[in-house]
Amino acid sequence: RKEVEQDPGPFNVPEGATVAFNCTYSNSASQSFFWYRQDCRKEPKLLMSVYSSGNEDGRFTAQLNRASQYISLLIRDSKLSDSATYLCVVNGYGQNFVFGPGTRLSVLP
Amino acid sequence: NAGVMQNPRHLVRRRGQEARLRCSPMKGHSHVYWYRQLPEEGLKFMVYLQKENIIDESGMPKERFSAEFPKEGPSILRIQQVVRGDSAAYFCASSPPAGVGTDTQYFGPGTRLTVL
């Protein structure tokens, strides 16, 4: 089993749609969790950290379920500019960052 | 506060030559990570360094690849005798010392290596 797994994608959704990405991790000792986005031929950029209580940033909501070792990202009212690959990142103890393979999102006009 | 800097942004080498990729972390960051991304593939961890120490090199190919992060100057990823399969984007990321604020990684713009 891979350390971090994500929905295979791609997701093709119309503008305005709500889309959810799922991520699971295998290391129960993982300490912190993040979502990054990566545009084509660009570097990954931090989208948001994921906290146990869940957190929201505008149209983006992230949730963490430690018991199930599961992280989610919800995007509401999708924009064309949301088209990108979304990377789930898990950090174990000692700065060991593990990236998931990514889920590609295409928001269509 | 300048972000993570990488140079060169683009590098072209012929088979058998050496490639040197440089990464300057964000100010105050003492951890550097190198990743490789092949076209249409995900990020693959290569190596994690702190100043003058290699902490985890489990993702580094056993031959031809080496990395360093000297006391002074940028981190260097060195690829000797490059082959066509080394063509990829190489990203560097940095993070602050553990326990100092967030443990988030910040990425540089990457170096795109093309081997002819």
Side-chain angles (χ1 to χ4, degrees), chain A residues 2-10 21 23-27 29-52 55 57 60 62 64 71 73 83-106, chain B residues 3-7 9-10 21 23 25-26 29-51 53-59 69 87-114:
Chain A
K2 293 183 180 178
E3 286 192 71
V4 179
E5 297 190 73
Q6 295 186 239
D7 290 331
F21 301 131
C23 169
T24 56
Y25 60 95
S26 60
N27 183 0
S30 298
Q31 300 287 310
S32 51
F33 311 88
F34 310 89
W35 284 101
Y36 281 72
R37 68 170 280 169
Q38 185 176 25
D39 294 283
C40 187
R41 299 183 66 79
K42 299 283 189 181
E43 73 272 24
K45 292 188 176 177
L46 178 67
L47 182 64
M48 58 198 307
S49 301
V50 187
Y51 304 118
S52 296
N55 48 302
D57 183 2
F60 299 83
L64 166 65
I71 306 158
L73 176 68
S83 297
T85 296
Y86 289 82
L87 305 169
C88 173
V89 183
V90 175
N91 184 13
Y93 184 79
Q95 304 291 99
N96 178 22
F97 293 86
V98 181
F99 281 74
T103 301
R104 184 177 294 179
L105 171 66
S106 292
Chain B
V4 179
M5 299 174 68
Q6 289 188 249
N7 69 81
R9 296 289 303 275
H10 299 273
L21 288 62
C23 170
M26 285 179 71
H29 285 193
S30 57
H31 302 256
V32 166
Y33 310 78
W34 285 95
Y35 295 86
R36 176 164 64 176
Q37 188 171 37
L38 295 169
E40 303 301 321
E41 293 191 13
L43 282 165
K44 300 296 183 187
F45 168 78
M46 298 182 76
V47 62
Y48 160 38
L49 310 102
Q50 295 179 23
K51 284 286 187 182
N53 286 305
I54 296 175
I55 307 303
D56 181 354
E57 56 181 346
S58 58
F69 189 13
S87 296
Y90 291 83
F91 290 101
C92 169
S94 72
S95 66
V100 177
T102 178
D103 59 356
T104 308
Q105 286 190 332
Y106 296 88
F107 281 81
T111 294
R112 301 196 180 279
L113 172 66
T114 301

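Residue numbering restarts at 1 for every chain, and letters A, B, ... go by the order of the sequence lines.
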Between [Y] and [X], is there a side-chain heavy-atom distance shorter than 4.5 Å?
X: B:Tyr33; Y: A:Phe97; value: yes
X: A:Gln38; Y: B:Phe91; value: yes
X: A:Tyr36; Y: B:Gln105; value: yes

message: Tell me whether the count of non-hydrogen atoms from other residues, nucleotides or ligands lying under 6.0 Å of CE in B:Met5 goes above 12.
response: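 Not buried by this count: 12 neighbours or fewer within 6.0 Å.
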
message: I'd like to know whether NZ of B:Lys51 has more than 12 heavy-atom contacts from other residues, nucleotides or ligands below 6.0 angstrom.
response: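 Counting neighbours around NZ of B:Lys51, more than 12 heavy atoms of other residues, nucleotides or ligands fall under 6.0 Å, so yes.
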
- prompt: Non-hydrogen atoms of chain B under 4.5 Å away: do they reach the side chain of A:Arg104, the backbone, both or neither?
  reply: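 Side chain only.
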
field: Engaged part of A:Pro44 at the chain B interface, taking heavy atoms whose separation is under 4.5 Å
entry: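 Its backbone and side chain both get close to chain B.
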
Steps toward side chain to side chain contact (heavy atoms under 4.5 Å, CB included) verdict (B:Thr104, A:Phe34): CA-CA 8 Å; B:Thr104 308; A:Phe34 310 89; 3.4 Å; yes

- request: With side-chain hydrogen bond (donor to acceptor under 3.5 Å, both in side chains) as the test, would you mind laying out the steps for A:Glu43 and B:Gln6 before giving the verdict?
  value: CA-CA 11 Å; A:Glu43 73 272 24; B:Gln6 289 188 249; over 6 Å; no

- request: Measure centre to centre between the rings of A:Phe99 and B:Phe107, then say whether the value is under 6.0 Å.
  value: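 Yes, ring centres under 6.0 Å apart.
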
- prompt: Can you tell me if A:Arg41 uses its side chain to pair, donor with acceptor, with the backbone of B:Ala89 under 3.5 Å?
  reply: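 No.
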
- prompt: Side chain, backbone, both or neither: which part of B:Glu41 has a heavy atom under 4.5 Å from chain A?
  reply: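 For B:Glu41, no heavy atom lies under 4.5 Å from chain A.
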
